[in-house]
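Notes to accompany the following structure.
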Amino acid sequence: MNKTSHLLSATTGVVIGAIVFGAAPANAQLAVIDATSIAVQQALQKLQDQANNFLNTITSQLSLNGPLASLLGSNNYGDVTTLLRQGFTQNANYSKAQVSAQRQIADASNAAMARFERDKRNAVIRDEHVVSPLHCAHLDNGQTITVGAGQSWKVATAIQTVADQRGEAAKGTPSYYGAAQAVEAINMLHYSRYCSADEAAAGLCSASQRENADQRASSLFGTGTYDGQDGVNSANDFVTNLIQPIVPTAQRGAQMTSLTAKEASVRRRQYESRVSLARSVLNEVLAAQSPSIPLNAAQKQQMQNEGLTVVDTGSWVQALQLDVHRRYSDVNWAAQLQSMTPAAVEREIANELAVTNYLLLENYRMAMKNASVNATTLAAVAERDLQTLKPAVELPTPNLSN
């Protein structure tokens with residue numbers, strides 16, 4: 001290719017020199033044959049042919065099958081320009097596809113994270129609304145306590161009805177027939193149920209397993225639930241001995257119609273009212289500890305944890321006691337409290353406040369009875385003071401003659 005370039009350059013220089021320096025004017029009289037012009041034309045034609053050959057050579061070298069093309073690789077898929085255009089186009093398409101893919105990946109990632117965060121939030125909401133086993137236990141205990149309160153009221157009412165009839169010496173009770181009958185009845189009850197060793201030695205009765213239980217405070221205040229019917233009887237008999245062991249004889253006939261008997265009747269009603277009030281207060285204490293409600297498995301387990309004798313039927317006081325002790329000393333309750341969600345803890349606090357309100361209400365009811373007893377005591381003291389009051393100065397005797 002270097003030899004061809006040199007030849008072309010030399011030829012071009014000869015032609016230009018001939019034209020500039022060797023051109024001679026043609027004579028019109030001579031024959032129209034210019035050897036110089038012909039030589040120049042031939043030289044130009046030769047130069048043109050060489051240039052065309054040179055261009056053809058370059059074209060052939062750059063063709064699909066030329067040596068330069070072979071250096072660029074196989075041309076089975078087209079020329080270099082076409083391949084480059086297609087390659088650049090494909091790269092541009094790849095870049096656009098990559099941008100679109102990155103956007104889709106980002107969108108998918110954002111959607112996945114949003115769904116994940118939503119699921120986490122849903123799980124939190126679910127956990128906040130899941131009922132804790134402790135909440136269920138509280139509900140069961142609350143129902144037991146409520147039912148126990150109703151049953152205790154029934155027991156207290158039943159005892160009060162019998163006690164009032166006895167205290168009023170109603171027909172059919174021992175005192176209706178006389179004081180001796182009243183004394184004999186209370187003694188026979190004691191001998192049949194609570195005979196002591198000394199009484200047995202005296203031949204009055206046979207020794208009992210509940211010796212003197214009708215005169216011991218432990219019969220009224222136990223571990224929370226009386227031992228069946230025998231326990232209830234012992235507590236009731238203790239209250240009887242405490243409040244009114246012997247009932248005055250009933251007033252009948254002329255004892256109620258005479259002028260003196262009318263004042264005695266007023267005094268008798270006053271006495272019976274006070275005894276009934278005192279008996280009512282202790283009857284509630286008694287009834288609150290009487291076995292009247294079935295205990296569930298959790299309550300029995302709590303009794304076992306406290307070292308108490310497990311019973312199937314408990315009292316109102318026992319149910320309250322188990323519920324309070326569970327929140328104060330039960331290891332299982334403390335462990336579950338630590339794993340509770342904030343909402344579950346708030347519900348547990350609300351439950352405890354409900355128990356507190358319930359106990360405050362019951363304390364208020366008992367306080368009303370205590371206030372009634374105090375008022376009665378005050379009235380009795382005032383009446384006694386009035387009866388023992390003596391005038392500080394002797395009153396003058398009126399002179400009727402004036």
Side-chain angles (χ1 to χ4, degrees), residues 149 152-187 189-190 194 213-221 232-290 316-317 361-390:
S152 297
W153 178 85
K154 292 180 180 179
V155 172
T157 302
I159 295 175
Q160 186 69 34
T161 300
V162 175
D164 285 341
Q165 291 178 354
R166 176 181 178 274
E168 296 166 4
K171 187 175 182 179
T173 61
S175 296
Y176 180 79
Y177 302 101
Q181 286 81 352
V183 173
E184 183 66 18
I186 194 68
N187 280 328
L189 179 65
H190 172 81
Y194 314 106
D214 59 341
Q215 62 192 50
R216 295 176 179 175
S218 58
S219 297
L220 181 61
F221 300 103
V232 175
N233 291 339
S234 298
N236 184 48
D237 294 337
F238 171 79
V239 172
T240 299
N241 285 333
L242 189 66
I243 300 298
Q244 193 185 34
I246 301 175
V247 179
T249 306
Q251 294 176 300
R252 290 182 292 178
Q255 296 175 343
M256 301 179 67
T257 58
S258 65
L259 183 61
T260 304
K262 289 183 179 180
E263 182 178 355
S265 296
V266 174
R267 297 292 181 184
R268 179 64 181 267
R269 286 194 294 270
Q270 180 190 51
Y271 165 78
E272 291 173 355
S273 298
R274 292 173 178 177
V275 169
S276 179
L277 176 60
R279 180 74 196 221
S280 175
V281 174
L282 290 181
N283 283 345
E284 284 209 11
V285 175
L286 187 159
Q289 301 175 80
S290 61
W316 176 69
V317 169
L361 176 60
E362 295 302 324
N363 286 336
Y364 179 73
R365 291 177 61 250
M366 185 56 67
M368 289 192 297
K369 287 205 169 187
N370 290 334
S372 301
V373 172
N374 292 335
T376 303
T377 303
L378 178 61
V381 172
E383 182 181 11
R384 183 193 61 192
D385 292 343
L386 179 63
Q387 292 175 352
T388 58
L389 181 64
K390 293 182 178 181

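In this text the structure is predicted, and so the values were computed from the model without any measurement.
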Nearest-0.5 Å distance that lies between atom NZ in K154 and atom OG1 in T157: 10.0 Å

T173/V247 under side-chain contact (heavy atoms from CB on, under 4.5 Å): CA gap, chis, key distance, verdict: CA-CA 10 Å; T173 61; V247 179; over 6 Å; no

Validation row: V285, F221 side chains within 4.5 angstrom (heavy atoms): yes

Exam field: side chain T249 to backbone A179, donor-acceptor pair closer than 3.5 Å: yes

Side chains of I186 and T240 in contact at under 4.5 Å (non-hydrogen atoms): yes

Distance-only donor-acceptor check, side chains Q165 and Y176, under 3.5 Å: no

Value rounded to 0.5 Å, distance of CG in L361 from CE in M366: 11.5 Å

Test log, rule side-chain contact (heavy atoms from CB on, under 4.5 Å), inputs R216 and Y194: CA-CA 11 Å; R216 295 176 179 175; Y194 314 106; over 6 Å; no

Heavy-atom closest contact (A235 atom, L286 atom, distance): C-CD1, 3.5 Å

Short side-chain to backbone donor-acceptor contact, S280 and S276, under 3.5 Å: no

Q244 versus G167, closest heavy-atom pair with distance: OE1-CA, 3.3 Å

From CA spacing to verdict: side-chain contact (heavy atoms from CB on, under 4.5 Å), V266, R269: CA-CA 5 Å; V266 174; R269 286 194 294 270; 3.4 Å; yes

Minimum heavy-atom distance F238-L220, with the two atoms named: CD2-CB, 3.8 Å

Student check: side-chain heavy atoms of S372 and L277 closer than 4.5 Å: yes

R365 with E362: basic N within carboxylate O range, under 4.0 Å: yes

Within-4.5 Å side-chain heavy-atom neighbours: W316 and S290: no

Basic-acidic side-chain contact under 4.0 Å: R268, E168: no

E272 CD to Q270 CD distance, which is reported to the nearest 0.5 Å: 11.0 Å

Sub-4.5 Å side-chain heavy-atom contact between R279 and I159: yes

Rounded distance (nearest 0.5 Å) linking atom CG of L242 with atom CG of D237: 12.5 Å

Shortest non-hydrogen contact between A288 and S152, atoms and distance: CA-OG, 3.7 Å

Interatomic spacing from OG in S219 to CG in N236 - rounded to 0.5 Å: 11.0 Å

Side chains of E284 and Q160, donor plus acceptor under 3.5 Å: no

Heavy-atom pair with the smallest gap, counting every atom of A185 and P174: CB-CG, 3.5 Å

H190 backbone acceptor or donor facing D214 side chain under 3.5 Å: no

Within-4.5 Å side-chain heavy-atom neighbours: V381 and R384: yes

Qualifying residues under salt bridge (Lys or Arg N to Asp or Glu O under 4.0 Å), relative to R166, sequence neighbours excluded: none

